Amino acid sequence: MSKPQSSSVQQARQAIAARLREIMRDAGLNNRELARRAGWHEAKCSRFIHARTAPSDEDIRAWCTICGVPEEIPNLIAASRTVENAYVEWRRVNRSVKRLQELRLDLYEQTTLFRFYCSTVIPWPMQTPRYMRALIASGTEFRRTGATDVDEGVQARMARQERYLGPASRRRCAMIVEESVLYSRVGDDGVMREQLLHLLTGMQQVNLSFGIVPMSARRPLAEKETFSIYDESRVFVELLSAAVTITAPREIELYVRYFAELAAVTAYGDNARVLIAKAITARA
């Protein structure tokens, strides 16, 4: 485990410990009294609030119930369950590009509504094979993963695209990208022109919604990092060094709200086509 990842996990553990400590103090309790009511040794409480031991789901339920805040249980359990695997280092999983494409297949099977916000690239449901290959190859090269199965990775992503969000799928997908994405170069001009033309045809697919945030839009908040929402059960945030998994309902709600508010200033349909045509012309 790398030092940055270890540090991130420890910070997440400490955040949970701090919240447990706050809940206990707000209830007017101390370690000894909470432990007595829970039937624990006092040292167990101490280990939780100093982040030396991770609480189990049952520990969290007991803690919050005793302190009179059962509404805190879902968020704390979600945070505790993901603290160890919230950060997935790209370099570790990118040793096999094909494997990276298959990491979330169980989640895709269960999802009925996909939502993507992309501030840097076209989201995978609308990518062409050449765009995919250029994107995957550049990321693999930059991270120095040593992966040699880029072509297999592209095939796996194409299969994923068709299976879960193809024309025959009953799943729905809403995508929002920043207008600057249309001008960000992935591959050469030929790759980008083909990708932009594909957007014009892909937008017609009935189960897909594709919108563009104009650079002139009066937006609720500034641009954020790329993220994807799966129903309202999970969010993945893509950072330069890692992919972050979010399962806490309170945090998921923030991403859902940001997506909804951004959608209100997003260009769709003919307005989006005008922006795409403009970007195509700029590459002529």
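Because the structure is predicted, anything quoted here is derived from the model rather than measured.
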Test item: [X] side-chain N/O and [Y] main-chain N/O as donor-acceptor pair under 3.5 Å:
X    : Y    : result
R171 : T111 : yes
T266 : I212 : no
H50  : S46  : yes
S169 : Y164 : yes

In terms of heavy-atom contacts, does [atom1] of [X] have more than 12 from other residues, nucleotides or ligands at under 6.0 Å?
X    : atom1 : result
R52  : CZ    : yes
R172 : CZ    : no
E22  : CD    : yes

*With E42 as reference, evaluate R36, R47, R37, R32 under the salt bridge (charged side-chain N to carboxylate O under 4.0 Å, His left out) test and give the passing residue.*
R32
If you take all heavy atoms of [X] and [Y], which pair is closest and at what distance?
X    : Y    : answer
F48  : A17  : O-CB, 3.2 Å
A174 : F259 : O-CZ, 3.6 Å
G166 : N207 : O-ND2, 3.4 Å

_SB check R163 E109 (cutoff 4.0 Å)_ =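 Here R163 pairs with E109 in a salt bridge, since their nearest N and O are under 4.0 Å apart.
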*Do the charged groups of R115 and D231 touch, with an N to O distance under 4.0 Å?*
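So R115 does not pair with D231 through a salt bridge.
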*asked:* Set out, in order, the CA-CA distance, both residues' side-chain angles and the distance that settles salt bridge (charged side-chain N to carboxylate O under 4.0 Å, His left out) for R157 and E162, then state yes or no.
replied: CA-CA 9 Å; R157 184 176 291 189; E162 180 65 23; over 6 Å; no
*asked:* Strictly by side chain to side chain donor-acceptor pair (under 3.5 Å), give each pair with a member in residues 274-284 just once, sequence neighbours left out.
replied: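 Found D189-R283.
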*asked:* Count I, L, V, M, F, W, Y as connected when their side-chain heavy atoms are under 4.5 Å apart, and connections chain through other members. Are Y258 and L239 then in the same cluster?
replied: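 Y258 and L239: one cluster.
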_Path from V206 to L200 over hydrophobic side-chain contacts below 4.5 Å_ =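 No; tracing contacts between hydrophobic side chains, which count when under 4.5 Å, never links both residues.
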*Residues in side-chain contact (heavy atoms from CB on, under 4.5 Å) with V274, at least two apart?*
none
*Taking atom types as modelled, find out whether Y230 and Q110 have a side-chain donor-acceptor pair closer than 3.5 angstrom.*
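Not at all, the side chains of Y230 and Q110 share no donor-acceptor pair under 3.5 Å.
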Please table the atom pairs, donor to acceptor, closer than 3.5 Å between any side-chain atom in residues 176-184 and protein atoms at least two apart or in another chain.
unit_1: E178; atom_1: OE1; unit_2: R219; atom_2: NH1; d: 2.9
unit_1: E178; atom_1: OE2; unit_2: Y117; atom_2: OH; d: 2.6
unit_1: E178; atom_1: OE2; unit_2: R219; atom_2: NH1; d: 3.3
unit_1: E178; atom_1: OE2; unit_2: R219; atom_2: NH2; d: 2.7
unit_1: E179; atom_1: OE1; unit_2: M215; atom_2: N; d: 2.8
unit_1: S184; atom_1: OG; unit_2: S180; atom_2: O; d: 3.1

